[in-house]
Every structure is written in C-alpha cells, then in structure tokens.
Amino acid sequence: MTTATATAAPAGLQTGAPRRSLAGKIVDRVGSGVVQVVMVLLGLFWLVPTLGLFVVSLRTVDVNNAEGWWTVFTKPAQLTIENYRDLLATGFTASFWNTVAITVPTTILVIGIAAMAAYAFAWMEFKGRDTLFLVVVGLLIVPIQIALIPVAAMYGGMGIFGSIPGVVLFHTAFGLPFAIFLLRNFFVGIPASLLEAARMDGAPEWKIFASVVFPLGKPAIASLGIFQFLWVWNDMLIALVFANTDSQPMTKALQSQMRQFGSNVDILSSGAFLSLIIPLVLFFAFQRYFVQGMMAGSVK
C-alpha cells in the first residue's frame with residue numbers, strides 16, 4: 001500500500017503561472033485588436049493634411065477662401081482640374097523633370113559609391129582603414145552651409161555653376177558620409193563564414209561584393225535609397241544656391257511662385273501635391289524593404 005504525501009511549497013514561492021492583474025487580463029483579451037484600431041486611426045489622422053491639400057488643389061480660389069476643404073464631401077461639384085492646367089501652363093513640367101534629373105542620379109551615385117566604400121571598410125584590410133573611416137564619420141558633423149560659398153566659387157571656375165550636374169555633385173558629396181556609415185554598420189553584421197567560403201572558392205572581392213554582400217544588404221540599401229531620395233527631392237537650400245532658372249527643381253519653382261503671386265493658393269496647392277505624390281508612391285512601394293532595414297539595424 002502506498003500513501004501519497006503532500007509537501008507544502010516553501011513560503012513566498014508561488015507554483016504555476018503567475019497571477020495577472022485585472023488590467024493585464026484586459027490587455028491580453030483586447031490588446032491586439034485595440035492596437036490595430038489605434039494604429040489605423042493614427043494613420044488616417046496623419047493622412048488628413050495630405051487629403052486636405054489634395055482637395056484644396058482641386059477647388060477654385062474663391063471656394064477655398066469662402067469655405068473649408070471638408071465641405072467638399074457635401075458639395076462634390078466644387079472639384080475641378082483647372083488649377084493643374086494653370087500650373088502646367090507656368091512651366092512647372094520642366095521643374096518636375098529637373099527634380100527627377102537631380103534626384104535619381106544622386107540616389108544611384110550615393111548608393112553605388114557608399115555600398116562599395118562600406119564593403120571596403122567592413123571586410124577589406126588596408127593601411128589606415130580605421131583612421132579613414134573615422135574621418136568619414138567626422139564629416140557627418142560638417143554643416144552644409146559652410147561649404148556653399150567655397151563650392152560656389154569652385155563651380156564658377158569649373159563652369160558648372162547653376163547646372164544640374166553641379167547640384168547632383170553637391171548632393172552626392174554630402175550624402176556619402178551618412179550612407180557609408182549606415183551601410184558599413186550593416187555589412188559588418190554579415191556572417192564572416194559566407195565571405196570566407198566565397199574566398200576559398202576563388203571569388204575575387206568584386207564578385208563577393210556583387211554576389212554575397214549586396215544581395216544580403218538589400219534591406220539597408222533600400223532604406224538608404226528612400227532616405228536619400230526624400231532628402232534630395234524635398235531640398236530647397238541647395239537648389240536656391242546652385243540651380244538657375246533652367247535647372248530649378250520643383251521646390252525652387254514653388255518658392256518663386258509664392259514670391260510672384262503671394263497667396264495664390266490654387267497654384268501652390270496643386271504644385272505641392274504633385275511634389276508630394278511621388279515620394280508617397282515610392283515609400284509605399286518599398287515599405288517592406290524599409291521596415292526590414294530598420295528592424296535589421298535595430299539588432300546589430
């Protein structure tokens with residue numbers, strides 16, 4: 001005959017799952033649904049200014065001055081595309097293509113040069129590597145403003161002042177330090193065994209970079225591309241200094257419209273929305289890579 005003996009748990013020691021408070025139980029039950037609803041509401045809230053700008057760009061000046069943009073939901077007949085016709089008549093199309101001609105080459109150059117430099121700083125041994133990388137990091141604190149006059153004088157001597165190539169070179173030069181720093185910190189997290197295996201197979205450094213490092217670095221490269229594209233697309237300071245009338249991007253064109261016409265809301269709103277829609281489309285198209293890059297960078 002066997003008898004079961006019960007042993008009491010030591011004082012202060014709880015057995016089983018820990019007890020949760022009432023607030024904790026409520027969060028467990030409704031937390032995920034509430035979080036999703038809150039995130040959706042926050043997203044819609046942040047999109048309200050964009051929606052308002054779009055509606056204002058589709059209404060006449062008299063209607064915008066008389067009523068708020070939200071009245072369009074009860075009066076849809078207010079909408080018209082006359083503002084965009086007037087905007088295109090001012091030559092805004094040329095400024096749009098100038099913006100593309102400045103932003104796209106700059107983004108490609110920054111990504112290409114920074115990716116190769118970051119690979120060299122992360123995985124290639126050469127004399128003065130660490131010192132040179134510290135110099136690159138130190139360039140992050142150099143303000144753009146102190147380079148405007150010297151670079152303008154240099155551009156004047158080279159004959160490229162006021163041209164699109166001059167704006168592209170300036171953006172590329174000042175975009176490289178951050179890009180190299182960001183990609184280098186991502187590349188050092190790639191397992192060294194992958195690179196050693198490629199070297200043992202006889203692959204040269206350029207082959208390792210193109211076949212191993214660059215594909216694995218796509219999330220970080222995509223994040224950098226989005227940041228760089230947005231910085232250059234929305235820039236006005238460099239355009240004001242280095243772009244003339246023939247090479248001016250949209251930001252400078254909108255600023256000149258404001259100077260000429262004052263409170264010409266119809267032209268400004270339609271131009272602002274056109275300059276906004278491309279970055280929005282780009283961000284939503286590459287948001288998956290952007291999130292991957294941010295999550296990967298957070299655990300390096």
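Just so it is clear, the values below take in all heavy atoms, side chains as well, and ignore hydrogens, waters and symmetry mates.
- When the ring-ring contact (aromatic ring centres under 6.0 Å, His included) test is applied to Trp231, the partners found at least two apart in sequence or on another chain are Phe178, Phe227.
- Judged as a ring-ring contact (aromatic ring centres under 6.0 Å, His included), and not counting sequence neighbours, the contacts of Phe170 are Phe174, Phe242.
- The shortest heavy-atom contact between Ala117 and Ile180 is CB-CD1, 3.9 Å.
- Between Phe187 and Ala122, the shortest heavy-atom contact is CB-CB, 4.0 Å.
- For Glu82, the side-chain contact (heavy atoms from CB on, under 4.5 Å) criterion is met by Thr80, Arg85, not counting sequence neighbours.
- With sequence neighbours excluded, the residues forming a ring-ring contact (aromatic ring centres under 6.0 Å, His included) with Phe54 are Phe273, listed by chain and number.
- The salt bridge (Lys or Arg N to Asp or Glu O under 4.0 Å) analysis of residues 64-79, with sequence neighbours excluded, yields the pairs Glu67-Lys75.
- Connection of Ile144 to Val135 is not established within any shared hydrophobic cluster, with ILVMFWY side chains joined at heavy-atom distances below 4.5 Å, either directly or through further cluster members.
- Thr93 meets the side-chain hydrogen bond (donor to acceptor under 3.5 Å, both in side chains) test with no other residue; sequence neighbours excluded.
- Hydrophobic clustering of Ile, Leu, Val, Met, Phe, Trp and Tyr side chains at less than 4.5 Å, counting indirect connections, unites Phe73 with Leu58.
- Hydrophobic clustering (side-chain heavy atoms under 4.5 Å, transitive across Ile, Leu, Val, Met, Phe, Trp, Tyr) keeps Leu140 apart from Val232.
- When only modelled atom types and interatomic distance are considered, Ser95 and Asn98 share no side-chain donor-acceptor pair under 3.5 Å.
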